[in-house]
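Okay, so here's the structure we're looking at.
For this chain, numbers begin at 1 and follow the sequence in order. Every value quoted in this text rests on a predicted model; they were computed, and no experiment measured them.
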Amino acid sequence: HRRLFLQAIATPLTQSIPGGTLMLIQDLTQIRRLEVVRRDFVSNVSHELRTPIASLKIITETLVEGAIDDSVAAHRFLILMEHEIDNLAQMVEELLELSRIESGRVPIKRKKLNPCEVMSLAVERMQLQAQRGGISLRIECPVNLPNIYADDERISHVFINLLANAIKFTPEGGEIIVSARREIKRVVFSIRDSGVGIPQEDID
């Protein structure tokens, strides 16, 4: 059972009803839960930022200490730096996108899109990250799906965010499947992985 967070304000009604008290009780459970989610989000972002920054510092120090003179090692370190910089850039973009969404400054520009192409572009962009993690990333898309009307940039961000999470929480040797199916007058997308999953209480 979840704990309720209530705020009670008691106001004596001395003049109008001697001995009486007006009680105002507010349910702050949802507000408190959102505060916890926001605090955890900031904590998680701070942790996520520390990891690539620490990695870049170690790589830079190693290069400065002499590894830069070894062309093979230097090339390998530069590739690692590029990967960490990509991670940082993606996190910053996600934070900016979240800020735009919360401020209501996100215009939606819908146009006709092919569902399979939408999925393919996102999977192609994330395929290298999946390969680096030893994860199989594939698409299941029927050829007879109708076109959808959506904002290609926004829906691409949705897929990339979901795939980034799936890759992050799926162990090496795991599998991620991106699929779509037709349900009456709509197309339903699905991303399944063999990772740890989402706690039942957080799914909604």
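- The two atoms that bring Pro171 and Ser194 nearest to each other are CD-O, 4.2 Å, heavy atoms only.
- Closest non-hydrogen pair, Ile155 versus Ala150, comes out as CD1-CB, 4.2 Å.
- Among all heavy-atom pairs drawn from Met119 and Val178, the shortest one is SD-CG1, 3.5 Å.
- Identified under the side-chain hydrogen bond (donor to acceptor under 3.5 Å, both in side chains) test for residues 154-165, with sequence neighbours left out: Glu97-Arg154.
- Partners of Arg50 by salt bridge (Lys or Arg N to Asp or Glu O under 4.0 Å), not counting sequence neighbours: none found.
- Residue pairs satisfying the ring-ring contact (aromatic ring centres under 6.0 Å, His included) criterion with at least one member in residues 174-204, sequence neighbours excluded, are listed as follows: Phe159-Phe189.
- Atom CD1 of Ile191 and atom OG of Ser179 lie 8.5 Å apart (nearest 0.5 Å).
- Taking a cutoff of 4.0 Å between a charged side-chain nitrogen and a carboxylate oxygen, Arg138 and Glu175 qualify as a salt bridge.
- Of the inter-residue distances, the one linking Thr11 atom OG1 with Leu24 atom CG reads 7.5 Å to the nearest 0.5 angstrom.
- To the nearest 0.5 Å, atoms CG (Leu163) and CD1 (Ile176) are separated by 6.5 Å.
- Among residue pairs with one or both ends in residues 7-27, none qualify as ring-ring contact (aromatic ring centres under 6.0 Å, His included); sequence neighbours excluded.
- Rounding to the nearest 0.5 Å places CD1 of Ile85 at 11.5 Å from CD1 of Ile53.
- The hydrophobic side chain of Met23 is isolated, with no ILVMFWY side chain under 4.5 Å apart from it.
- The cluster map of Ile, Leu, Val, Met, Phe, Trp and Tyr, joined by side-chain heavy atoms under 4.5 Å apart, puts Leu34 and Val36 in different clusters.
- Grouping Ile, Leu, Val, Met, Phe, Trp and Tyr residues whose side-chain heavy atoms lie under 4.5 Å apart, directly or via other members, leaves Leu128 alone, with no other cluster members.
- Between Pro142 and Ala180, the closest heavy-atom pair is CD-O, 3.2 Å.
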*Check the pair Ile167, Met126 against side chain to side chain contact (heavy atoms under 4.5 Å, CB included), reporting the backbone distance first and the verdict last.*
CA-CA 9 Å; Ile167 292 169; Met126 302 301 293; 4.1 Å; yes
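- Nearest heavy-atom pair across Lys109 and Asp151 is N-OD2, 2.9 Å.
- Sparse packing is recorded around CD of Glu124, with 12 or fewer heavy atoms of other residues, nucleotides or ligands lying under 6.0 Å away.
- Within the 4.5 Å cutoff, side-chain heavy atoms of Pro146 are placed close to those of Arg182.
- Atoms CD and CG, from Gln127 and Leu137 in turn, are 4.5 Å apart once rounded to the nearest 0.5 Å.
- Counting heavy atoms from C-beta outward, Arg32 and Gln7 have side chains that stay 4.5 Å or more apart.
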Donor-acceptor contacts, no H, no angles, side chain residues 110-118, under 3.5 Å, sequence neighbours left out:
| unit_1 | atom_1 | unit_2 | atom_2 | d |
| --- | --- | --- | --- | --- |
| Lys111 | NZ | Asp152 | OD2 | 3.1 |
| Asn114 | OD1 | Cys116 | N | 2.9 |
| Asn114 | OD1 | Glu117 | N | 3.1 |

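- The side-chain hydrogen bond (donor to acceptor under 3.5 Å, both in side chains) pairs that include a residue from residues 64-76 number zero, where partners must be two or more places apart or lie in different chains.
- When the side chains of ILVMFWY residues are joined at heavy-atom separations under 4.5 Å, either directly or via intervening members, Val187 and Leu121 end up in two distinct hydrophobic clusters.
- Annotation: ring-ring contact (aromatic ring centres under 6.0 Å, His included) contacts involving residues 102-154, sequence neighbours excluded, are absent.
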Can you give me every donor-acceptor pair (side chain of residues 54-62, partner residue at least two apart or in another chain, under 3.5 Å) with its distance?
| unit_1 | atom_1 | unit_2 | atom_2 | d |
| --- | --- | --- | --- | --- |
| Ser55 | OG | Glu84 | OE2 | 3.4 |
| Lys57 | NZ | Glu61 | OE2 | 3.2 |
| Thr60 | OG1 | Leu56 | O | 2.7 |
| Thr62 | OG1 | Ile58 | O | 2.7 |

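- For the atom pair CD (Glu82) and CZ (Phe77), the distance works out to 15.5 Å, reported to the nearest 0.5 Å.
- Annotation: side chain to side chain contact (heavy atoms under 4.5 Å, CB included) contacts of Val188 (sequence neighbours excluded): Arg181, Glu183, Arg186.
- Under a hydrophobic clustering in which Ile, Leu, Val, Met, Phe, Trp and Tyr are joined whenever their side-chain heavy atoms come within less than 4.5 Å, directly or via other members, Ile160 and Leu162 fall into the same cluster.
- Clustering of Ile, Leu, Val, Met, Phe, Trp and Tyr by side-chain heavy atoms under 4.5 Å joins Leu28 with Ile31.
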